[in-house]
Trainee: 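A single structure is presented below for examination.
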There are 2 protein chains.
Amino acid sequence: MSLRYALLGFLGLDSMTGYEIKKNLDQSTQLFWHAGLNQIYPTLKKLETEGLVTAEAESQDGKPDKRTYTITPAGSEVLHAWLAEPLSFLPPSKNAGLLKIFFSGSLENAAVLRQLETQLELRRKQLRRYEGETRQVIEETVAATGLTREGTMWELVRELGEAHERAYVEWLERAIEKVRQLP
Amino acid sequence: MSLRYALLGFLGLDSMTGYEIKKNLDQSTQLFWHAGLNQIYPTLKKLETEGLVTAEAESQDGKPDKRTYTITPAGSEVLHAWLAEPLSFLPPSKNAGLLKIFFSGSLENAAVLRQLETQLELRRKQLRRYEGETRQVIEETVAATGLTREGTMWELVRELGEAHERAYVEWLERAIEKVRQLP
DNA sequence: GGTAGCATGTAAACGGTTACATGATTCA
DNA sequence: TGAATCATGTAACCGTTTACATGCTACC
């Protein structure tokens with residue numbers, strides 16, 4: 001149930017609509033969090049009833065009312081308390097790609113190689129994204145908003161993403177070599 | 001919905017009970033999948049009604065009946081079809097630890113450092129686990145069962161786990177240095 | 001006396017995904 | 001003509017987590 005904190009986190013940077021939060025989420029956070037609009041809108045409403053954010057509706061023609069959300073002092077408090085609380089255990093993760101590889105001992109080499117090569121391509125694409133687009137978005141956002149301290153944190157997280165994808169790519173390349181040499 | 005495949009994967013190696021699957025899951029798969037017994041037991045029953053596994057109950061005194069599950073030919077087919085199907089997109093992952101760091105630009109240095117140091121300790125522990133215990137379990141299992149081809153796959157996945165944790169540890173060390181130098 | 005291991009389950013609640021619904025504008 | 005962008009939502013379903021329930025044995 002950390003989506004609440006992701007939403008509060010973005011609203012802590014600036015007031016914005018659910019739609020804008022979604023765009024930010026897709027651009028910068030997809031390494032470690034994601035959500036659809038269908039989940040974001042009701043969660044924002046819930047945060048509103050809890051007094052952690054306020055909403056201001058603006059009429060538009062042809063489109064639904066634009067609801068701009070702003071974090072309240074209570075919301076800031078809740079967010080900061082959560083951010084400062086040290087992680088007490090590693091959040092267990094799930095990865096269907098690794099699950100497939102882990103159990104593919106009973107497949108033929110060719111099928112395993114197809115799987116590994118597909119995953120390698122996906123990981124390479126993701127690596128290029130962290131090196132390029134994600135990096136640029138951070139730079140531009142810092143330039144546009146002056147949030148240098150926040151920018152340092154964003155850049156740190158991006159670097160981990162890049163390192164992880166690079167480890168993935170190198171590992172998959174080695175794995176392909178190894179499986180090729182299997183009888 | 002990959003728990004089904006994780007269960008079928010283990011039963012593809014050997015017939016066993018839900019309790020034993022859980023032990024195997026905890027020892028080897030926690031890098032990429034996890035589940036509680038409360039989820040495993042009903043899912044096995046469901047697989048049984050679908051004809052993908054069969055169960056043999058054995059009475060025990062003082063304990064509930066021991067239900068040993070065996071994969072059926074239909075189950076093997078379903079498993080292999082899933083394993084051979086190449087991943088079509090990167091499964092999006094969630095990581096509350098990174099979420100905290102990403103948004104901690106508004107925290108004081110001391111609070112950020114507490115967070116980073118706690119996470120570093122957890123990651124170091126996990127790295128040691130992959131290097132030691134996990135490696136040993138794989139070696140012993142291969143020695144006991146003769147599943148060398150499967151063992152190659154397990155060892156590959158373990159190596160990625162180790163590489164990822166190492167990347168985490170090195171990154172957190174660098175991050176701590178960087179945050180210490182922040183004004 | 002308490003914890004860990006063995007061994008199975010149910011019920012309620014929650015979080016998240018998929019599908020559905022609307023409707024204007026802009027661009028290829 | 002169709003897809004993408006802007007902009008919001010609801011309903012049903014499914015997977016997962018948390019809490020509850022039982023009970024024996026072995027070990028510290």
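Quick note: numbers below take in every heavy atom, side chains included, and nothing from hydrogens, waters or symmetry partners. Every chain is numbered from 1 and lettered A, B, ... according to where its sequence line falls, protein lines coming before strand lines. Given the structure is predicted, the values throughout are model-derived calculations rather than measurements.
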Trainee: Are OP1 or OP2 of D:dT8 and a side-chain N or O of A:Lys66 less than 4.0 angstrom apart?
Mentor: no

Trainee: Remember a base hit wins even if backbone is also touched, and classify A:Lys23 as base, sugar-phosphate or nothing at under 4.0 Å, heavy atoms.
Mentor: sugar-phosphate

Trainee: Between B:Tyr41 (OH) and D:dT22 (P), how many Å, whole number?
Mentor: 17 Å

Trainee: Taking for each residue the nucleotide of DNA chain C bearing the nearest heavy atom, is the 5' side occupied by B:Thr68 or by A:Gly36?
Mentor: B:Thr68

Trainee: I'd like to know whether CD of B:Glu77 has more than 12 heavy-atom contacts from other residues, nucleotides or ligands below 6.0 angstrom.
Mentor: no

Trainee: Specify the separation, in whole Å, of atom CD1 of B:Ile21 and atom C1' of C:dA7.
Mentor: 13 Å

Trainee: Going by the salt bridge (charged side-chain N to carboxylate O under 4.0 Å, His left out) test, name the single residue among A:Lys125, A:Arg166, A:Arg158, A:Arg124 that passes it with A:Glu131.
Mentor: A:Arg166

Trainee: Rounded to the nearest Å, what distance is computed from the CG atom of residue A:Asp26 to the P atom of nucleotide D:dT5?
Mentor: 11 Å

Trainee: Of the nucleotides C:dA19, D:dA7, D:dT16, which one has an atom closest to the side chain of A:Asn38?
Mentor: C:dA19

Trainee: Find the distance A:Lys46:NZ to D:dG9:P and express it as a whole number of Å.
Mentor: 16 Å

Trainee: How is A:Lys22 classified with respect to the nucleic acid when contacts are heavy atoms under 4.0 Å: base, sugar-phosphate, or nothing?
Mentor: nothing

Trainee: Between atom CG in B:Leu44 and atom C1' in C:dA7, what is the gap in whole Å?
Mentor: 13 Å

Trainee: For the side chain of B:Tyr19, counting heavy atoms from C-beta on, which of C:dA7, C:dG15, D:dT8 is nearest?
Mentor: C:dA7

Trainee: Going through the checks in order, is the ring pair (Phe, Tyr, Trp, His ring centres under 6.0 Å) test met by A:Phe103 and B:Tyr5?
Mentor: CA-CA 9 Å; A:Phe103 283 119; B:Tyr5 301 110; over 10 Å; no

Trainee: Whole-Å distance between C:dT17 P and A:Leu37 CG?
Mentor: 12 Å

Trainee: Could you please name the option among D:dT10, D:dT8, C:dT17 that lies closest to any side-chain atom of A:His34?
Mentor: C:dT17

Trainee: Please state how far atom NZ in B:Lys45 lies from atom C1' in C:dT8, giving the value in whole angstrom units.
Mentor: 8 Å

Trainee: May I ask you to evaluate whether B:Gln39 reaches the phosphate of D:dT17, defined as a side-chain N or O under 4.0 Å from OP1 or OP2?
Mentor: yes

Trainee: Given atom CD1 of A:Ile40 and atom P of C:dT17, what is their separation to the nearest angstrom?
Mentor: 11 Å

Trainee: Between B:Glu20 and B:Pro92, name the one whose nearest nucleotide on DNA chain C is closer to the 5' end.
Mentor: B:Glu20

Trainee: Between A:Glu177 and A:Arg180, is there a side-chain N and carboxylate O pair less than 4.0 Å apart?
Mentor: yes

Trainee: With side-chain contact (heavy atoms from CB on, under 4.5 Å) as the test, pick out the partner of A:Leu113 among A:Val179, A:Leu107, A:Thr118.
Mentor: A:Val179

